[in-house]
Amino acid sequence: IRLVAIASPVLINTQGLTIQSASYNNSQLEVKLEATDFQLLDKVAANLRAKGIYAEQTRQAKSGNIIQSTLVMKER
């Protein structure tokens, strides 16, 4: 589970980001997140890509001041 080992520090150490749930299936990690702004989600995805992870944000929605998003990750 190299993917989890690479992605976890990026997700855990990002201020303004909250992990709601995570699932791993068929070599793909899907994490439901809450963030304070869209730029923060873009930054997280870019940081993961820089570490060699395919990262795509899906199902984004805004509720008040919180952005909810699903981040799908795979090893390249």
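Counting only residues at least two apart or in different chains, salt bridge (Lys or Arg N to Asp or Glu O under 4.0 Å) contacts with residues 19-29 are absent. Listed by first then second residue, pairs satisfying salt bridge (Lys or Arg N to Asp or Glu O under 4.0 Å) with a partner in residues 45-57 number zero, not counting sequence neighbours. Evaluation of the salt bridge (Lys or Arg N to Asp or Glu O under 4.0 Å) test over residues 65-76, restricted to residues two or more places apart or in two chains, returns Arg2-Glu75. Residues in residues 8-29 take part in no salt bridge (Lys or Arg N to Asp or Glu O under 4.0 Å) pair, two or more places apart or across chains.
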TODO: Please assess Leu17 against Glu34 for the test side chain to side chain contact (heavy atoms under 4.5 Å, CB included), listing each intermediate value before the final yes or no.
DONE: CA-CA 6 Å; Leu17 188 72; Glu34 288 186 352; over 6 Å; no
Would you give me the side-chain donor-acceptor pairs under 3.5 Å for residues 39-46, sequence neighbours excluded?
{"residue": "Asp42", "atom": "OD1", "partner": "Gln57", "partner atom": "NE2", "Å": "3.1"}

All N/O donor-acceptor pairs, side-chain side in residues 6-16, below 3.5 Å, sequence neighbours left out:
{"residue": "Ser8", "atom": "OG", "partner": "Val4", "partner atom": "O", "Å": "2.7"}
{"residue": "Asn13", "atom": "ND2", "partner": "Pro9", "partner atom": "O", "Å": "3.0"}
{"residue": "Thr14", "atom": "OG1", "partner": "Val10", "partner atom": "O", "Å": "2.5"}

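For Tyr24, there are no side-chain hydrogen bond (donor to acceptor under 3.5 Å, both in side chains) partners two or more places apart in sequence or in a different chain. The side chain to side chain contact (heavy atoms under 4.5 Å, CB included) test applied to Ser21 returns Lys32, not counting sequence neighbours.
By the rule that hydrophobic residues join a cluster once side-chain heavy atoms approach within less than 4.5 Å of another member, Ile19 and Phe38 end up as members of one cluster. Leu3 and Leu33 end up in the same hydrophobic cluster when Ile, Leu, Val, Met, Phe, Trp and Tyr side chains are linked at under 4.5 Å. Linking ILVMFWY side-chain heavy atoms closer than 4.5 Å, directly or via other members, places Leu71 and Ile66 in two distinct hydrophobic clusters.
Taking CD of Gln68 as the start and CD of Gln20 as the end, the distance is 7.5 Å to the nearest 0.5 Å.
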